[in-house]
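Only this structure's heavy atoms are used, side chains among them; waters, hydrogens and symmetry mates stay out. Position 1 is the first residue of the sequence, and the numbers go up from there. Counting starts at 1 for both ligands and their atoms, following the listed order.
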Amino acid sequence: MSAPPTSPDSDAIARAGDALRAGDLVILPTETVYGLAGDATNAAAVARIFAAKDRPRINPLIIHVADADAAFALIAETPGLRALADAFWPGPLTLIGDRRPEARIADLAAAGLATLAVRVPAHPVARAVITAAGRPLAAPSANRSGRITATDAAAAAEELGHAAMTLDGGASALGLESTVVDARGAPALLRPGALTRAAIAAVCGPLSRPAPAGAPASPGQLLRHYAPRRPLRLDAGAPEGEDEGLLSFGPVDPAGYARCVALSPTGDLAQAAAGLFAGLRALDAPPVRRIAVSPIPDRGLGEAINDRLRRAAAAVER
Ligand code: TXA
Ligand code: MG
């Protein structure tokens, strides 16, 4: 058997563009995570995204476009937003801006907010599909709501393949969702992600902390998220039972655990980020019944990794 293609051919891209224009959904690779894309101008297509993911309608979607000009046709430009766009697009940064009245985006995509989240992805397949569709694409992560994010085509198809055609662009290079920043005024970090706080602060100055859980700034952050079916124990040292699987970081001895997935034996946070969700998926299966995770430092990408792990471990159902 030949290996699965990691780059769809031009026929597949053209078919994806046709499907999107017809209101159908497409699972596509981005450099952060896989997305479930639909035509953001088509209310029926956007409704299909919410239905496929079983996503609460209070949680707005990120609109993916080809370049900064296309983004600033949808949101009002400010010097702060332009500086961040110039520094980091295409790439793993989502910017919140005031929605322009003339922006032709289905209301449901914005969940009724007066703002819009926009992003210019870097993955060549995502870029080719946006161009082929000729529309802005609403694309949440390609997982059912609350579940572990998909960072390869097989995981995305397992989550949502019933609802969309899948384009395989290989494993996501970064493995964490984009960082969400509201820089209309004093810049605020709404969701830590694949672009570090320090990198962003170097362009726009210090960012305020993410809103505490319960604050309405970025609705999706209120919910249980990224969660395996098995319970998760953070900052684990020794095993607490023979049915525990370990997601390890650094030079950890896995003796006594039922299984171990090593995120990065050398303690490299970028490597750990890239393997985080696939590691959680791999451990969410027998013989493992509970998942333990080694302590991960909070610096750099560790902020986003720990954000995801804390939400995955939270026992709060949406
Ligand atoms: O890397 C990513 O961002 C991936 C890929 C596919 O691009 N997409 C993604 O989408 O992570 P999703 O839907 O899983 O997360 C979108 C986040 C949610 O936390 C949502 O609440 C927030 O962005 N968001 C969307 N619109 C917003 C707005 N107008 N104001 C504040 N937060 C917003
Ligand atoms: Mg998501």
Is there a side-chain contact between Asp307 and Leu309, using heavy atoms and a 4.5 Å cut-off? no
Taking the side chain as every heavy atom from C-beta outward, state whether Pro228 and Arg281 have any pair of such atoms under 4.5 Å apart. no
So do Leu207 and Cys204 actually touch side chain to side chain, heavy atoms under 4.5 Å? yes
Which ligand 1 atoms, with their elements, are less than 4.0 angstrom from a heavy-atom of Ser141? 8 (N), 9 (C), 10 (O), 12 (P), 14 (O)
Heavy-atom side-chain proximity of Leu234 to Ile296 below 4.5 angstrom: no
Have a look at Arg191, Lys53, His225, Glu31 and point out the one with the heavy atom closest to atom 15 (O) of ligand 1. Arg191
Let me check your reading of the structure: within less than 2.8 Å of the Mg ion (ligand 2), is there an N/O/S atom from Ser141? yes
Given salt bridge (Lys or Arg N to Asp or Glu O under 4.0 Å), test Arg233 with Glu244 step by step and report yes or no. CA-CA 10 Å; Arg233 179 167 72 87; Glu244 268 195 328; 2.8 Å; yes
Per-atom contacts, ligand 1 versus Leu190 - under 4.0 Å to a heavy atom: 31 (C)
Would Ser178 and Arg191 count as a side chain to side chain donor-acceptor pair (under 3.5 Å) if you check the C-alpha gap in whole Å, the side-chain angles of each, and the deciding distance to 0.1 Å? CA-CA 8 Å; Ser178 62; Arg191 176 178 74 177; 3.2 Å; yes
Out of the candidates Leu108, Ile105, Thr41, only one should pair with Val46 under the side-chain contact (heavy atoms from CB on, under 4.5 Å) rule; please name it. Leu108
Decide whether the shortest distance between a heavy atom of Arg55 and an atom of ligand 1 is less than 4.0 Å. yes
Heavy-atom pairs closer than 4.0 Å: do any link ligand 1 to the side chain of Ala139, the backbone, both, or neither? backbone
Number the atoms of ligand 1 from 1 as they appear, then name those within less than 4.0 Å of a heavy atom of Pro140, with their elements. 10 (O), 12 (P), 13 (O)
side-chain contact (heavy atoms from CB on, under 4.5 Å) with Ile305: of Leu269, Asp298, Val293, only one passes, and it is Leu269
Ligand 1 atoms nearer than 4.0 angstrom to some heavy atom of Thr115 are 28 (C), 29 (N), 30 (N)
Quick check on Ala110 - does any of its heavy atoms sit under 4.0 Å from an atom of ligand 1? no
Part of Asp182 within contact of ligand 1 (heavy atoms, under 4.0 Å): neither
Quick look: Thr32 vs ligand 1, heavy-atom contacts under 4.0 Å, and the answer is side chain
Going by the order shown, which atoms of ligand 1 are within less than 4.0 Å of some heavy atom of Asn59? 18 (C), 20 (C), 21 (O)
I'd like to know whether Arg15 forms a salt bridge (Lys or Arg N to Asp or Glu O under 4.0 Å) with Asp24, so could you lay out the CA-CA distance, the side-chain angles of the two residues, the decisive distance to 0.1 Å, and finally the verdict. CA-CA 11 Å; Arg15 270 187 284 119; Asp24 290 333; over 6 Å; no
Counting only nitrogen or oxygen atoms and a 3.5 angstrom limit, does Ser178 reach ligand 1? yes
